Amino acid sequence: MSTASRNSNDVAIVGGGIGGLTLALALSQRGIGCRVFEQTPDFAEEGVGLQLSPNATRLLDALGLGEAVRAVSVRPEAIELLDWAGGRRIFRVPLGQSCEHRFGAPLLTVRRKALHAALVGAIPEKSVVMGARLEALDTSHDHVTLRFADGTAHTAGVVVGADGLHSVVRHLLAGDALQYSGKAVYRGICASPADGIRVWTGPGQHCVAYPVTADGTVSFTAVVAGAKELRASYNGWTPELHKMFDAAQSLRRWELHDRPSTRTWVSTRVALLGDAAHAMLPFLAQGANAAIEDAYVLAGCLAPSWPHEVTPALQRYQALRVPRATKLQAEARARGQHAKPRQAATTATYLDKQEWIFAYDATSSVNQPEGASR
Ligand SMILES: Cc1cc2nc3c(=O)[nH]c(=O)nc-3n(C[C@H](O)[C@H](O)[C@H](O)COP(=O)(O)OP(=O)(O)OC[C@H]3O[C@@H](n4cnc5c(N)ncnc54)[C@H](O)[C@@H]3O)c2cc1C
C-alpha cells in the first residue's frame, strides 16, 4: 500500500551525497524547509579521500562548517611531482599557509566519510530519509510528486536531483547516457606518514596520494588504462608505490565516466546539482568542490522569493552555474587526455594554473545583481 507525505513549501533533495547534504545545510540556514531522500539504508560508505580546494572551503566557512571540517581534515604542506621510475622529485610547490593566504581559504584533504559526517551533524535532525530510492517524478503547475521504489510518495515545491553519476532525475530530465573514458582508477587507504600531496607521473598514467588524517592515514588514487589490473599497470614503477598498494586496507576499482555537458539543468520545478548536472572526470579533483558551489548558489537563488517565483530562481541558478561547471568538465577531460605535468607545471606556474578554479567565489556570484551573471 502506498503512503504519501506532502509539503509543497519544501524542497525535496534526491541523494544524500556531498552535494545534497550541502544543499540541505544551505537551505536550512536560509529558513527553507527541505527533506533529503537517500537510497542507501545507511551512510556506511567507503572511506576514500577528497581534496577540498579553496573555492569550496570558503563556502563551508560561509556556511559555518569550516571549523568542523578543519577538525577532521589535513592542510597539506605542499604538492610534489615525482618521477615514476625512481621516485625523484620533479618539483615541489608549497601549499599550506601560502595557498590559504593567496586564496583566502585553505586547501584541505579529508576522508569523504568524515566530511559527510560533519555535514550530517550540521543539518536539522530528521531531515534525511534513508532507504528512499526515487523512481519517478510527476510534475504539476504548483508541486512535484516523488515516487519511491518502496511505494511511498512525497510532494514538494521543488525537487533537486543530487543523485550522482547515475542520476535518475537527470535521466528523467535529459535522458542522455554516460560517457566511458577508457580509464579506471584504484582507490585505497593505508597507514603511511605524509604531510603533503604526492603525484607520481609516468607514461600514460599517474598515482596521487595524500594524507586524510593527522595520525598518518593516506588515501591514494592510481589511474589505469582500460581493463588493466593495478599492480601489472605499475610494474617497474617506484617500489614506494607498490608498498602503498600492498598496505591498502581497502582497495576498490572505479571505471571513469563523465557526462556530456548540457545547458539544461532545470525545468519549472526540478533542478540538477553536482554529478547529476555535470559529472566530470577526476583529473581536476573538482567534482565535489563544484557540487558544494552548486549547493551554495542554488540556495542563494531560491531564498529571496521562496516559495514564490521558483522557476525564475531555478533559471538564475542555471545561468550562474552552467558556464563554470562546463569549463571545469572540459578542463578535467583535457587534463586527463593531455596530462604533461613535467612540461606544464613548475613551482611558479602550478598555482597560477589553478587560479581560476581556486579563486572563484560563489558567494559573490550569487550576490551579483540579476543580469550581471556570466
Ligand atoms: C577517483 C575519484 C577521485 C575524486 N576525487 C575528488 C576530489 O579530490 N575532490 C573533489 O571535489 N571531487 C573528487 N571526485 C568527485 C566526487 O567524488 C564527486 O563529484 C562528488 O562525490 C559528487 O557529489 P554528489 O553529491 O553530486 O554525488 P554523490 O556523492 O555520488 O551522491 C549521490 C547520492 O545520491 C544517492 N542516490 C543515487 N540515486 C538515487 C535515487 N534514485 N534515489 C535516492 N538516492 C539516490 C546515492 O546513493 C548517493 O548517496 C572524485 C571522483 C573519483 C571517481
Side-chain angles (χ1 to χ4, degrees), residues 12-24 35-46 48-57 59-60 73 76 107-113 115-116 119-120 128-137 146-150 152 154 159-172 181 183-188 197 206-210 212 219-224 252-259 272-295 325 328-329 332 336 357-358:
I13 301 167
V14 183
I18 304 299
L21 292 176
T22 306
L23 179 64
R35 193 85 64 91
V36 180
F37 296 93
E38 167 56 42
Q39 66 178 358
T40 55
D42 57 52
F43 281 135
E45 48 104 54
E46 64 289 329
V48 288
L50 276 180
Q51 297 177 48
L52 286 175
S53 47
N55 46 311
T57 56
L59 303 181
L60 297 174
S73 306
L107 186 146
L108 301 173
T109 48
V110 64
R111 269 181 101 139
R112 179 185 295 256
K113 71 177 184 185
L115 173 62
H116 204 267
L119 283 163
V120 170
V128 184
V129 182
M130 302 300 299
R133 194 164 76 80
L134 181 87
E135 283 195 337
L137 294 175
L146 301 94
R147 303 202 181 279
F148 297 97
D150 62 0
T152 58
H154 177 81
V159 171
V160 179
D163 48 344
L165 185 63
H166 302 280
S167 170
V168 171
V169 182
R170 168 77 173 240
H171 180 71
L172 297 171
S181 67
K183 291 182 176 159
V185 290
Y186 284 85
R187 304 176 83 186
I197 303 173
H206 67 274
C207 176
V208 184
Y210 48 79
V212 285
S219 170
F220 67 83
T221 301
V223 179
V224 301
R252 219 189 110 187
R253 180 186 166 96
W254 268 265
E255 307 301 325
L256 295 183
H257 295 88
D258 67 359
R259 284 211 178 256
L272 299 172
L273 173 153
D275 277 7
H278 49 64
M280 61 186 77
L281 296 173
F283 305 119
L284 211 53
Q286 280 298 312
N289 292 297
I292 292 169
E293 291 179 4
D294 292 343
L328 288 170
Q329 277 183 303
I357 303 171
F358 290 0

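Whatever order the structure lists them in is the order used to number ligands and atoms, beginning at 1. Fair warning: this is a prediction, and the values are worked out from it, not measured in the lab.
- Looking at Trp254 next to ligand 1, no N or O pair under 3.5 Å apart turns up.
- Not a single N or O atom of Gly274, backbone or side chain, sits closer than 3.5 Å to an N or O atom of ligand 1.
- Partner of Ile292 under the side chain to side chain contact (heavy atoms under 4.5 Å, CB included) criterion, out of Leu60, Asn55, Leu23: Leu60 alone.
- Note on ring orientation: taking the six-membered ring where Trp is involved, the planes of His116 and Phe43 are perpendicular (angle over 60°, cut-offs 30° and 60°).
- A 4.5 Å side-chain heavy-atom check between Val185 and Val223 finds at least one atom pair inside the cut-off.
- Residue Ala132 has at least one heavy-atom neighbour below 4.0 Å for each of these atoms of ligand 1: 42 (N), 43 (C).
- Backbone and side-chain nitrogen or oxygen atoms of Thr221 are examined, and none is located within less than 3.5 angstrom of a nitrogen or oxygen of ligand 1.
- Taking every heavy atom of both residues into account, Gly161 and Ala276 meet most closely at O-CB, 3.4 Å.
- Residue contact check for ligand 1: Arg112 places a non-hydrogen atom closer than 4.0 Å to it.
- In this structure, atom 41 (N) of ligand 1 lies nearest to the protein heavy atom Leu134 O, 3.3 Å.
- Checked against a 3.5 angstrom limit, the closest N/O atoms of Arg133 and ligand 1 fall outside it.
- No side-chain donor-acceptor contact under 3.5 Å links Gln39 to the backbone of Gly15.
- Tyr210 places a side-chain N or O within 3.5 Å of a backbone atom of Leu50 that can act as its donor or acceptor partner.
- Side-chain contact between Met280 and Leu328: present, with at least one pair of heavy atoms (C-beta onward) separated by less than 4.5 Å.
- Checking only distances, Gly19 does come within under 3.5 Å of ligand 1, N or O to N or O.
- Here's the thing with Thr40: none of its N/O atoms is less than 3.5 angstrom from an N/O atom of ligand 1.
- Taking any N or O of Val168, backbone or side chain, none lies under 3.5 Å from an N or O belonging to ligand 1.
- If you look at Pro282 next to ligand 1, the close heavy atoms, those under 4.0 Å, all belong to the side chain.
- Arg170 places no side-chain N or O within 3.5 Å of a backbone atom of Asp163 that could act as its donor or acceptor partner.
- For atom 31 (O) of ligand 1, the nearest non-hydrogen atom of the protein is Gly17 CA, 3.4 Å.
- Summarising the contacts of atom 11 (O) of ligand 1 with Ala332, Ala184, Ala288, Ala56, the nearest heavy atom is found in Ala288.
- Looking at Leu50 next to ligand 1, no N or O pair under 3.5 Å apart turns up.
- Within ligand 1, counting atoms from 1 as listed, the ones closer than 4.0 Å to a heavy atom of Val185 are 1 (C).
- Contact annotation for Phe37 and ligand 1: only backbone heavy atoms (N, CA, C, O) come within less than 4.0 Å of the ligand.
- Residue Gly16 comes nearest to Glu38 through the heavy atom pair N-OE1, 2.7 Å, listed as atom of the first residue, atom of the second, then distance.
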